[in-house]
Amino acid sequence: MPDLLLGQVLSFTADPFEAGETAAHHESHGAVLVEGGRITATGPAETLRARHPQARIHDYGRCLITAGFIDAHVHYPQTAMIASWGKRLIDWLNTYTFPEEMRFADPAYAAEIADRYLDLATAHGTTTVCTYTTIHPASVDAIFTAAQSRGMRIYAGKTCMDRNAPEGLRDTAQSAYDESKRLLEKWHGQDRLSYVITPRFSPTSTPEQLAAMGALWREYPDCLMQTHLSEQVDEIAWVRDLFPQSRDYLDTYESQGLLREGALYGHAIHLTEREKSRLIEAGASLVHCPTSNTFIGSGLFDMGLARHLRVGLATDTGGGSSFSMLHTMAAAYEIAQLRGHALHPSQLIWLATVGSARALHAETRIGNIAPGMEADLTILDLASTPAIEQATRRAQTIWEALFPTIMMGDDRAVRTVWIGGKPLR
Ligand SMILES: [Zn+2]
């Protein structure tokens with residue numbers, strides 16, 4: 001029996017960075033018909049109710065039905081150490097991140113955190129994540145197992161590091177290749193799971209390991225590849241010392257076959273002109289992680305790049321300070337303001353849905369509400385707290401009604417999510 005979800009419905013017919021707010025379609029009394037895990041129709045509630053009298057009704061009142069949020073850059077193993085005080089990137093990795101990642105040698109701990117992380121993510125309205133793991137194959141098995149049992153479409157891969165990390169958190173070029181390949185063959189394409197080739201970043205991979213990742217990517221060209229790029233100025237100086245032969249940070253990847261369509265670079269804040277033009281030419285994806293960039297003090301991402309290449313939005317849990325894509329949209333708004341530009345609410349919600357889907361090359365499957373798309377949906381209460389409710393009372397447009405929830409909303413604003421055509425709760 002089909003399910004018919006009633007509420008306000010927000011979808012996109014174009015890119016709001018090109019077409020402005022007319023790129024969005026808002027149905028004030030709308031409906032989404034779901035059957036067999038997919039969206040089969042959307043439109044005015046009255047029309048769909050009349051056409052599908054047999055459908056099971058889920059009336060969400062004045063709630064907003066949007067595509068599920070897609071968090072395009074996460075470190076799920078950092079769940080328990082989110083909001084750790086007082087460090088910048090390199091100190092932060094050594095002080096907080098690496099000791100915590102060490103614990104994932106224990107498969108039971110990995111499974112516990114994978115479950116906890118996905119519970120938190122879905123409670124915050126996120127239905128798809130693209131996550132790093134640790135060097136331990138058990139950390140990859142844990143997150144894919146947890147996602148598979150929830151029916152989620154997720155992206156993950158073994159985080160490879162063979163230098164500048166403590167004993168117990170280093171693999172080698174060969175073992176990184178072998179283990180990544182084994183995990184890729186085990187998980188890639190199972191149900192809604194995709195393997196992502198994942199060298200952490202150039203400071204923790206030797207050129208030999210980056211070359212091994214490049215070789216693996218050539219063997220499995222339909223996989224994505226994720227890594228970090230130009231997050232902090234100290235980090236860029238370190239990369240310059242480690243790779244004296246490279247033209248710039250991007251070149252450390254480019255020269256090893258790790259730059260092309262399907263490459264996802266987290267942060268990408270302090271880019272040279274050469275790096276920008278090569279990223280655009282190659283059709284790479286950038287992932288903006290605004291709460292992380294302010295929390296660790298990294299810098300202000302240039303959202304103007306969204307006109308030229310695929311830009312996704314992400315929490316960067318636990319370098320980011322929140323599991324919430326609403327908080328993340330708010331932080332993206334604030335960073336753009338600091339660069340002199342006000343992102344429209346349609347652009348913010350687009351980044352968290354279609355934008356991230358495009359970054360993951362998954363925009364034909366997830367990130368929007370249209371017939372044929374997989375039914376991953378987030379139901380937002382636009383009056384979830386007294387402060388938000390009073391701020392929306394005079395709203396004349398959907399954007400005035402939605403913006404206070406973007407700026408002040410959290411998991412209380414998430415009424416529920418639908419994953420693969422099923423309500424989570
Ligand atoms: Zn990261």
Side-chain angles (χ1 to χ4, degrees), residues 70-84 87-101 104 113 117 120-121 126 128-135 139-140 143 154-161 164-165 169 196-205 210 213 224-236 238-239 249-250 252-253 258 263-271 284-301 311-325 327-328 331-332 335 356 359-360:
I70 301 169
D71 191 340
H73 180 124
V74 179
H75 300 256
Y76 95 82
Q78 297 173 21
T79 295
M81 47 143 294
I82 194 166
S84 294
K87 302 288 182 189
R88 289 169 64 86
L89 178 62
I90 295 158
D91 274 353
W92 183 85
L93 286 171
N94 288 320
T95 311
Y96 297 124
T97 307
F98 290 158
E100 178 64 15
E101 290 194 1
F104 286 72
I113 298 296
Y117 170 70
L120 286 165
T126 298
T128 284
V129 300
C130 181
T131 185
Y132 289 66
T133 59
T134 66
I135 69 151
S139 71
V140 179
I143 193 71
I154 76 150
Y155 298 78
K158 174 187 134 73
T159 296
C160 300
M161 299 197 279
N164 294 320
L169 269 192
V196 186
I197 294 166
T198 308
R200 179 180 220 117
F201 67 157
S202 289
T204 53
S205 287
L210 294 174
M213 295 293 105
L224 300 173
M225 187 289 300
Q226 63 182 343
T227 190
H228 297 81
L229 178 66
S230 295
E231 179 175 356
Q232 292 208 335
V233 287
D234 300 358
E235 172 210 11
I236 296 167
W238 191 22
V239 169
Y249 198 155
L250 183 64
T252 64
Y253 300 126
L258 297 172
L264 279 91
Y265 301 101
H267 306 294
I269 297 168
H270 309 281
L271 300 174
S285 302
L286 304 185
V287 186
H288 179 31
C289 308
T291 70
S292 171
N293 298 160
T294 52
F295 184 71
I296 313 184
S298 301
L300 308 177
F301 179 79
V311 175
L313 191 64
T315 60
D316 192 23
T317 295
S321 53
S322 171
F323 296 97
S324 168
M325 289 300 283
H327 278 185
T328 304
I335 284 184
S356 281
L360 298 169

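Since the model is a prediction, treat every value here as computed from it, not as a measurement. All ligand and atom numbering here is 1-based and tracks the order in the structure. Index from 1, following the sequence.
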When rounded to the nearest 0.5 angstrom, what distance separates OG1 in T204 from CD1 in I90? 11.0 Å

Is the side chain of Q232 donor-acceptor paired with the backbone N or O of L89 at a distance under 3.5 Å, no angle test? yes

Backbone N/O of L313 and side chain of S356: donor-acceptor pair under 3.5 Å: yes

Quick one, M225 and Y265 - any side-chain contact, counting heavy atoms below 4.5 Å? yes

For the Zn ion (ligand 1), every protein N/O/S atom that sits closer than 2.8 Å, waters excluded: H73 NE2, H75 NE2, H228 NE2, D316 OD1

Distance-only, no hydrogens or angles: does the Y253 side chain make a donor-acceptor pair with backbone N or O of S202 under 3.5 Å? yes

What orientation do H75 and H228 show, parallel under 30°, tilted 30 to 60°, or perpendicular over 60°? parallel

